[in-house]
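A short worksheet on the structure shown next.
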2 protein chains.
Amino acid sequence: MFVTGHNPSEQDNSAAATVSIRDVARAAGVSYQTVSRVINDHPNVSQKAREKVNSAIAELGYRPSRAARALASGVDRAVTVLTSNTSLYGYAETLGGIEEAARSAGVQVAIRVLESDRDQDVAAAVEGVSDPRAGAVIVLAFDRAGARALRALPANVSSSAAAESYLGRRAQKSESARWVWFDDTLAAQRATEHLLELGHRTVHHLAIPSTTNVGDRERGWKRALSAAGAPVPEVIRPRSWRAAGAHEAALSLLMDPAVTAILCGNDEQALGVIRAAHDRGVRIPEDVSVVGFDDVPTAAFYTPALTTVRFDFAALGRRAFELLVSPEDAPLTEPTLIVRESTGPAPRT
Amino acid sequence: MFVTGHNPSEQDNSAAATVSIRDVARAAGVSYQTVSRVINDHPNVSQKAREKVNSAIAELGYRPSRAARALASGVDRAVTVLTSNTSLYGYAETLGGIEEAARSAGVQVAIRVLESDRDQDVAAAVEGVSDPRAGAVIVLAFDRAGARALRALPANVSSSAAAESYLGRRAQKSESARWVWFDDTLAAQRATEHLLELGHRTVHHLAIPSTTNVGDRERGWKRALSAAGAPVPEVIRPRSWRAAGAHEAALSLLMDPAVTAILCGNDEQALGVIRAAHDRGVRIPEDVSVVGFDDVPTAAFYTPALTTVRFDFAALGRRAFELLVSPEDAPLTEPTLIVRESTGPAPRT
DNA sequence: GCCATGTTTGTGACCGGTCACAATCCTTCT
DNA sequence: AGAAGGATTGTGACCGGTCACAAACATGGC
């Protein structure tokens, strides 16, 4: 009853033998090429043939083989996301956005995490995804590891979330990587301006360790400071993106009475600062104002609720995926400052 | 110079034509089958041949084609993770664990998110991954959508994180899905006992909406309560896993002076409760004690620092992957109660 | 020295699609 | 009616591997 003589298993083969394009063709009374045309929506297929094929497909429960398709066509309809983290909010949300867009385009999403930013690990990861036949690649270049991986990719370029374009067959080396990113400069500038407007003499900046766009944020922060003629304090660089590092750094920072406003690299760090303030008996926002970045879902429930800059990471992810298909520049939602309880007027001296 | 006459592109073909097993064979002076044996670590290959092949591989920069392999062998070395969320802590960490284990086993990780728990969406997702040729499937059955998807999968079974076993060729319908999960009952029991020991008359439970293991947690909670002869209050069920729902629910719950201890479904909810307490002027832990579940990285920095039950989600993920290969039951780290500042002695009446 | 047995190597077919090109079928126009 | 031209359909080869089986080569026992 089966066509394939490949699998010699004699056992009760109730499990349906995998049905191929040829089986469908036979059942529909057409050639396999016609079936191929139908499943690929080619224009030149008669209505009658199309119907016959479609019902045969439904009847036999035919499902095209991704592998065969990839092999024959030379490209896999898949995207591999290269990221150094799966659980940090920004990364995870971006991944979600990519998946959403990819899913609705019928493209598979694979994920590959970068263990570290050491050359060896980066090289291994890049090696694993740099086969054009394996589909496209999107690098989450939020951190050094990502940025390095992006640089190491065949066609190079660098920024926040970048989309290496391999999807189409004709994508050649001439086609370089495309990228999307938020306007971090503007975001940082706005946040800083907000604090300045509240009367703070200056704003201290507790940064994320070595990011790609760290430059951007610092630029925005400095720009706002300079525009207001405020002094530019040295940037504080904790040892991690996490709350722990920020907490530790803030513990000493808060001893300085000149510090009345702190711009943090992300919400988690802001939480560390808030906690440090609590530990030191410093009131927020009465004594010190704190601003975060990201607007994680919990930020509104911190005590005090966090003033922060919201980024639409999911949109970033969707956009990164779309770039694989159409390289057109589409605007990304601008980051928005969400003012809550952690910022207030500068204390009177 | 090229063997494949398939691609007629005449352009400067500096981009290396994809090298196949046959090219390597020719360069090494052996048959393609021998090359296949080498790259698959077959035992019966002479040392000499192996070396020749390996150097030819290195020289030509050969990379096996995943697609061709999948097509020829009938199975793809890939796992698809079915999850309804990418950014919630537990999900994201579990995904990370799966990826880690899969990566070191040379297996690709794909991800497919479940949009909702509606039959239609679940069916679509299952349909997309239920092709045995496409590799294995791991379902993150933490919620209803996941549980349903798990049930809808060809070989069924249900629990927290489940590993549908298709990886090996011989995996047949007889091989049912394997699963791993935490001992939620014990975890809830321990947490409840902790509160009871602090002198609380009873413990209120603010649950996660309709989870697979909701039963387990409630059982543990009830067990501890009963064992202590404490009354069993009605379970509070907010409308989401998020802080918002818990915050809203807690706002009214905290008006009840009988409520002195709350066991929350997760840390985010606990944060919502803490915030609600702040809003109501209820002190934690002096007036009310709060316990969470998960131990998210920020829990230690809440004010007050959260007492919670830590789960090793990454280990859960790794284990789920391993189950695909070896169905042996290996113990999973037990959840641990981390006592911090949010729990304290019951207030004196 | 010869045969049995095990190891190493090679050949042809096949997996399930796509591609290039040729053949057949309709229409429409002169 | 015949030819031109587009629409529709079919055929053979190929993608890059694996599988089953056979051939060639060693090794060892009697």
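First the proteins, then the strands, lettered A, B, ... as listed; each starts at 1. Since the structure is predicted, the reported quantities are computational estimates derived from the model, not experimental observations.
Separating the CG atom of A:Asp41 from the C1' atom of D:dT8 is a distance of 16 Å, rounded to the nearest angstrom. The distance from atom CG of A:Asp76 to atom P of D:dG17 is 14 Å, rounded to the nearest whole Å. As rounded to whole Å, 13 Å separates atom C1' of D:dA13 from atom CG of A:Leu71. Put simply, CZ on B:Arg22 is 10 Å from C1' on D:dC14, counting in whole angstrom units. Rounding to whole angstrom units, CZ of residue A:Arg69 and C1' of C:dC15 are separated by 15 Å. In this structure, B:Arg66 places its CZ atom 19 Å from P of C:dG17, rounding to the nearest Å. Whole-Å rounding puts the B:Asp131 CG to C:dC15 P distance at 16 Å. Between A:Tyr32 atom OH and C:dG17 atom P there is a gap of 13 Å when expressed in whole angstrom units.
A:Asp121 contributes no side-chain N or O that, together with a main-chain N or O of A:Arg118, makes up a donor-acceptor pair within less than 3.5 Å. In this structure, the side chain of B:Arg148 engages the main chain of B:Asp117 through a donor-acceptor pair within 3.5 Å. Checking side-chain atoms of A:Asn40 against main-chain N and O of A:Ser36 turns up a donor-acceptor pair under 3.5 Å. Not one N or O on the side chain of B:Thr34 forms a donor-acceptor pair closer than 3.5 Å with the backbone of B:Val30. No donor-acceptor pair closer than 3.5 Å links the side chain of B:Arg318 to the backbone N or O of B:Thr94. Judged by distance alone, with hydrogens and angles left aside, the side-chain atoms of B:Arg319 form no donor-acceptor pair with the main-chain N or O of B:Ile98 at under 3.5 Å.
Note on A:Arg63: only backbone sugar-phosphate atoms sit closer than 4.0 angstrom, heavy atoms only; bases stay farther off.
Distance from the side chain of A:Arg133 is smallest to D:dG17 among D:dT18, C:dG17, D:dG17. Considering only the side chain of A:Gln33, D:dG10 comes nearest among D:dG10, D:dG16, C:dG16.
In this structure the side chain of B:Arg133 reaches within 4.5 angstrom of the side chain of A:Arg63, judged on heavy atoms. Within the 4.5 Å cutoff, side-chain heavy atoms of B:Gln108 are placed close to those of B:Arg66.
With sequence neighbours left out, the side chain to side chain contact (heavy atoms under 4.5 Å, CB included) criterion links B:Ala123 to no other residue. Residues forming a side chain to side chain contact (heavy atoms under 4.5 Å, CB included) with A:Thr86 (at least two apart in sequence, or on another chain): A:Ile111, A:Val113.
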Give me the distances for all protein-to-nucleotides 24-27 of chain C N/O pairs that come in under 3.5 Å?
none

Would you tabulate the pairs of protein nitrogen or oxygen atoms and nucleotide nitrogen or oxygen atoms of nucleotides 6-9 of chain C closer than 3.5 angstrom?
{"residue": "C:dT8", "atom": "OP2", "partner": "B:Asn44", "partner atom": "OD1", "Å": "3.1"}
{"residue": "C:dT9", "atom": "OP1", "partner": "B:Ser46", "partner atom": "OG", "Å": "2.8"}
{"residue": "C:dT9", "atom": "OP2", "partner": "B:Ser46", "partner atom": "N", "Å": "3.0"}
{"residue": "C:dT9", "atom": "O4", "partner": "B:Arg37", "partner atom": "NH2", "Å": "3.4"}

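Residue B:Gly29 is the one, among B:Gly29 and A:Ser65, whose nearest nucleotide of DNA chain C lies closer to the 5' end (criterion: closest heavy atom). Nearer the 5' end of DNA chain D, as judged by each residue's closest nucleotide, is the contact made by B:Ala67, out of B:Ala67 and B:His42. Place A:Asn40 and B:Ala68 on DNA chain C by their nearest nucleotides, and B:Ala68 ends up nearer the 5' end.
Dashed line: the shortest gap from a side-chain N or O of B:Ser73 to OP1 or OP2 of D:dG17 is not under 4.0 Å. The side chain of B:Ser36 contributes an N or O atom lying less than 4.0 Å from OP1 or OP2 of D:dT18.
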Steps toward side-chain hydrogen bond (donor to acceptor under 3.5 Å, both in side chains) verdict (B:Tyr32, B:Asp23): CA-CA 8 Å; B:Tyr32 56 80; B:Asp23 300 323; over 6 Å; no
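If one axis is set at each end of the helix from C:dG1-D:dC30 to C:dT30-D:dA1 from five pairs, those axes are 40° apart, to 10°.
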Check residues 52-60 of chain A and write down every donor-acceptor pair under 3.5 Å in which the side-chain atom is one partner and the other belongs to a residue at least two apart or another chain.
{"residue": "A:Asn54", "atom": "ND2", "partner": "A:Arg50", "partner atom": "O", "Å": "3.3"}
{"residue": "A:Ser55", "atom": "OG", "partner": "A:Glu51", "partner atom": "O", "Å": "3.4"}
{"residue": "A:Ser55", "atom": "OG", "partner": "A:Lys52", "partner atom": "O", "Å": "3.0"}

